[in-house]
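One structure below.
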Amino acid sequence: MKTSSSSQSLFSTSSTLCTPYLLLLPLGLLAAVVVIPSLGSSHVRSNGLGVLCPGLDTDGYSVASGAAEKVVSTSAETTTLTAPQPEFRLLVGVLTTPKRYERRGIVRLAYALQPATPAYAQVDVRFVLCGVGVDPVDRTLVALEAARHGDILLLNCTENMNDGKTHEYFSSVPRTFADAPYDYVMKTDDDTYLRVAAMAEELRRKPHDDAYIGYGFAVGDDPMQFMHGMGYIVSWDVASWVSTNEDILRYNDTHGPEDLLFGKWLNIGKRGKNRYDLKPSMYDLNWNRDNFRPDTVAVHMIKDNRRWADAFRYFNVTA
């Protein structure tokens, strides 16, 4: 992982932001921290930076696609076979908070134990946190987690749900991954079970530009004015537009229900015209936990271990 160009003072600031991670990583990995400027609300950010902190032995968590490089050995020679490039790449950002260690562990299992993603798709998963603050327990445990898994995307904001974090995420992603842009960017929560292969199949049939996909909410005559916050996807061009649209910040329009506001930004800017409602395959789990569907793409409201266990049993994860 390469370090983006920046002045020495900029790098110094980012090192402070990622201090809990860097203290526990070998000095040789300091150069691997990605530093990127990003726009965002001054209400939730201090110095305009975001960082992706790498792990010791991995470059973040990816869902296996079955399309990786394979080495074939024979008595005469060793041949490397490289599978074709995927048709599209999806970044899944799971918004969570520093103290939810157990939940992140369960969600990692939920992704790791799913069937292989089809070879036509690459899906990378990152857990998205704001700064871990001054709590020494959080700073230590999140640092260890990042060092082990390499899947923590640390935003430069005060932890929140409806006070600008989603905007900060979509502002940072196009800069963090500028050297290797994705085709789609997803925002989801840590109480959503996403079936990756099913989502990949949905995306394969969708356009790669000006797209806005999820559980649509109808308002008046508009059948999909915004997508439910359980999880929604935009194409890379839409994420890039959000990251550079200064009007969102100028009008302080990042504070309130994040899913509704996201739809509002796109509606005003006339973006995300290719909209797709994935109901009923995206849905909320009911109180009795008995409305799972075989065609599920994503199920939301899995807020405790019993519900996660029910989901794993229904989708035969424990077989």
Side chain to side chain contact (heavy atoms under 4.5 Å, CB included) with His300: of Leu194, Thr188, Asp284, Leu285, only one passes, and it is Asp284

Could you tell me if the side chain of Asp210 sits less than 4.5 Å from the side chain of Arg271, heavy atoms only? yes

Salt-bridge criterion met for Lys165 and Glu258 (N-O under 4.0 Å): no

Would you call Arg313-Asp310 a salt bridge at under 4.0 Å N-O? yes

Residues Lys187 and Thr166: closest non-hydrogen pair is CE-OG1, 4.2 Å

Report whether Val219 and Trp265 are members of the same hydrophobic cluster (ILVMFWY, side-chain heavy atoms less than 4.5 Å apart, transitive linking). yes

Just to verify, which of Trp241, Phe226, Phe170, Phe217 counts as forming a ring-ring contact (aromatic ring centres under 6.0 Å, His included) with Phe262? Phe170

Shortest non-hydrogen contact from Ser172 toward Leu155: OG-CD2, 3.8 Å

Lys279, NZ: over 12 other non-hydrogen atoms inside 6.0 angstrom: yes

Any non-hydrogen side-chain atom of Asp191 less than 4.5 Å from a side-chain atom of Arg103? yes

Using side-chain heavy atoms (C-beta onward) and a distance below 4.5 Å, is His167 in contact with Ile248? yes

Side-chain heavy atoms of Tyr212 within contact of Val238, under 4.5 Å: no

Do side-chain atoms of His149 reach the backbone of Asp151 as a donor and acceptor pair under 3.5 angstrom? no

Run Leu278 and Met199 through side-chain contact (heavy atoms from CB on, under 4.5 Å) and show every step you take. CA-CA 10 Å; Leu278 299 188; Met199 180 60 82; 4.1 Å; yes

Salt bridge Lys99-Glu159, side-chain N to carboxylate O under 4.0 Å: no

Test item: Ile268 and Tyr251 side chains (from C-beta on) under 4.5 Å apart, heavy atoms: no

Any donor-acceptor N/O pair, Tyr101 side chain to Leu141 backbone, under 3.5 Å: no

Begin with the C-alpha distance, continue with both residues' side-chain angles, and end with the deciding distance and a verdict on side-chain contact (heavy atoms from CB on, under 4.5 Å) for Asp253 and Leu261. CA-CA 7 Å; Asp253 205 12; Leu261 285 177; 3.4 Å; yes

Just so I know, are the side chains of Leu129 and Thr96 near enough to count as touching, which here means a heavy-atom distance under 4.5 Å? yes

Phe127: ring-ring contact (aromatic ring centres under 6.0 Å, His included) partners, not counting sequence neighbours: none

Is it the case that the side chain of Glu202 and the backbone of Ala198 share a donor-acceptor pair, with hydrogens and angles ignored and the cut-off at 3.5 Å? no

Using a strict 4.0 Å threshold on nitrogen-to-oxygen distance, state whether Asp304 and Arg306 make a salt bridge. no

Using modelled atom types only, decide if a donor and an acceptor are shared between the side chain of Asn274 and the backbone of Asp209 within a distance under 3.5 Å. yes

Are Arg148 and Glu145 within salt-bridge range, i.e. N to O under 4.0 Å? no

Asn288 atom CG, neighbour heavy-atom count above 12 within 6.0 Å: yes

Using side-chain heavy atoms (C-beta onward) and a distance below 4.5 Å, is Val297 in contact with Arg195? no

Side chain to side chain, Arg175 and Ser243, heavy atoms closer than 4.5 Å: yes

Distance-minimising heavy-atom pair for Met282 and Gly231: CE-O, 3.2 Å

Taking every heavy atom of Glu168 against every heavy atom of Cys157, the minimum-distance pair comes out as CG-SG, 4.1 Å

NE2 on His228 to CG on Asp277, rounded to 0.5 Å: 11.5 Å

List the residues meeting side chain to side chain contact (heavy atoms under 4.5 Å, CB included) with Pro257, not counting sequence neighbours, and say none if there are none. Asp259, Leu260

For the residue pair Lys206 and Tyr276, would you count it as a cation-pi contact if the rule is NZ or CZ under 6.0 angstrom from the ring centre and within 45 degrees of the ring axis? yes

Membership question, hydrophobic clusters at under 4.5 Å side-chain separation (ILVMFWY): are Tyr193 and Met301 in the same one? no

Do side-chain atoms of Arg89 reach the backbone of Ala180 as a donor and acceptor pair under 3.5 angstrom? yes

Is there a path from Met186 to Met161 through hydrophobic residues (I, L, V, M, F, W, Y) whose side chains come within less than 4.5 Å of each other? no

